[in-house]
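Step one of this worksheet: look at the structure below.
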Amino acid sequence: MELKICHLYPDVLNLYGDRGNVLCMCQRLRWRGIDVAVTGVSVGEPLHAADHDLFFIGGGQDFEQEVLLEDLAGGKAAEIRAAVEDGLPFLAICGGYQMLGSYYKTWDGVQCDFIGALDLYTVGCRERMIGNVLFSCDDLDGGTVVGFENHSGKTYLGPSVRPLGRMISGHGNNGEDGGEGARYRNVFASYSHGCLLPKNPALCDRILTEALARKYGEARLEPLDDALELAAHDYMERRLTANK
Ligand code: GLN
């Protein structure tokens with residue numbers, strides 16, 4: 001078995017080591033004897049979604065997102081929309097998550113028309129939402145996810161999209177409705193940066209299982225010894241629930 005991972009804009013969208021999520025996916029596949037290949041596709045390079053089994057998009061500042069608008073409009077946006085509808089799995093973080101939506105209006109009034117693959121939009125506010133977060137996740141049967149957020153955009157989901165999680169601590173999508181991230185078809189999107197998958201191995205395996213099942217019909221990942229990963233997760237969970 002092999003998974004082909006496409007890392008979109010790896011040189012432009014990589015805040016707080018978001019690329020660590022790709023390393024984590026690769027390593028957890030290799031530990032199970034499953035081959036993995038990663039292809040970066042960046043500005044000016046053609047994207048053929050059908051060549052890949054799983055997509056990753058990291059986060060970026062408003063500036064980087066604005067820089068990518070032209071490249072997206074040159075064909076990638078349509079390709080990504082079709083891939084999402086076709087059930088290809090995606091993990092998108094923060095700025096990458098916002099880009100899957102219809103638009104982002106920055107706090108200083110710049111209108112960025114994005115991919116429109118997910119029924120959601122983002123509006124910037126002056127006060128940034130920053131800090132460690134904890135949320136429960138239906139995809140993990142209510143299990144919790146720890147992460148770190150830093151965004152000015154407040155994201156609002158339309159009726160066809162559900163949140164990835166329910167906030168226990170932190171702001172999440174907008175600091176108002178208690179939702180975090182987005183789920184639509186096989187898209188997983190979150191405001192949590194860098195260490196999302198390394199500290200939440202169950203979420204990593206959930207996404208990998210989706211990709212393997214789509215490619216091979218069915219998939220069951222062998223359990224791994226996640227003692228270290230879970231110690232990191234549990235430590236943050238204890239910190240974030242200590243005063244609740
Ligand atoms: N530019 C977006 C915001 O501030 C996303 C930032 C990020 O990816 N951390 O809302």
Side-chain angles (χ1 to χ4, degrees), residues 7-24 40-43 55-73 76-77 80 90-135 145-158 161 163-165 167 169-183 187-200 203 236:
H7 189 168
L8 279 163
Y9 302 119
D11 49 344
V12 185
L13 299 177
N14 180 32
L15 277 180
Y16 306 107
D18 284 333
R19 155 177 186 278
N21 291 306
V22 176
L23 299 178
C24 181
V41 175
S42 195
V43 176
F55 290 81
F56 176 75
I57 320 178
Q61 308 285 4
D62 297 3
F63 172 74
E64 281 99 32
Q65 293 174 293
E66 288 163 34
V67 163
L68 293 177
L69 290 176
E70 198 183 321
D71 190 65
L72 286 170
K76 283 197 185 71
I80 292 169
F90 278 73
L91 173 62
I93 307 295
C94 197
Y97 161 29
Q98 295 171 347
M99 278 175 30
L100 287 177
S102 344
Y103 68 85
Y104 174 33
K105 187 163 187 180
T106 65
W107 68 271
D108 53 353
V110 179
Q111 171 82 22
C112 300
D113 289 321
F114 281 151
I115 297 168
L118 303 188
D119 178 17
L120 55 89
Y121 66 93
T122 303
V123 182
C125 69
R126 259 180 187 281
E127 209 174 315
R128 296 190 71 82
M129 288 156 272
I130 307 176
N132 293 305
V133 300
L134 175 71
F135 58 91
V145 170
V146 296
F148 172 78
E149 64 180 343
N150 182 354
H151 52 111
S152 132
K154 290 185 168 191
T155 296
Y156 299 91
L157 308 185
V161 181
L164 173 68
M167 296 313 292
S169 181
H171 299 89
N173 281 338
N174 48 48
E176 295 160 17
D177 61 21
E180 206 289 332
R183 283 284 283 116
V187 177
F188 296 74
S190 174
Y191 267 112
S192 288
H193 277 290
C195 51
L196 176 67
L197 296 187
K199 277 193 206 163
N200 300 284
L203 182 60
M236 277 313 297

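Atoms considered below: every heavy atom in the structure, side chains included; atoms not considered: hydrogens, waters and symmetry mates. Both counts, for ligands and for their atoms, begin at 1 and track the order of listing.
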Polar atom proximity, [X] to ligand 1 (N or O, under 3.5 Å):
X    : result
H151 : no
G95  : yes
G60  : yes
G153 : yes

Ligand 1 versus [X], non-hydrogen atoms closer than 4.0 Å: side chain, backbone, both, neither?
X    : answer
D62  : both
Y104 : side chain
Q61  : backbone
L15  : side chain

Measure from the side-chain N and O atoms of [X] to the backbone N and O of [Y], and report whether any donor-acceptor pair falls under 3.5 Å.
X    : Y    : answer
S152 : C125 : yes
N132 : F148 : no
H151 : G172 : yes
N174 : Y156 : no
N173 : T155 : no

Exercise. Who's closest to atom 7 (C) of ligand 1 heavy-atom-wise, of G58, G59, C94?
Worked result: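 Nearest option to atom 7 (C) of ligand 1, by heavy atoms: C94.
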Would you mind listing which atoms of ligand 1 come within a distance below 4.0 Å of any non-hydrogen atom of S152?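 Reading through ligand 1 atom by atom, the close ones are 3 (C), 4 (O), 10 (O).
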Problem set entry | Residue Q65 vicinity, atoms of ligand 1 by number, heavy atom under 4.0 Å |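 Those atoms are 1 (N), 2 (C).
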Taking all non-hydrogen atoms of both residues into account, name the closest pair between [X] and [Y] and its distance.
X    : Y    : answer
Y104 : G124 : CE1-N, 3.8 Å
D18  : G59  : OD2-N, 2.8 Å
N150 : C94  : O-SG, 4.0 Å

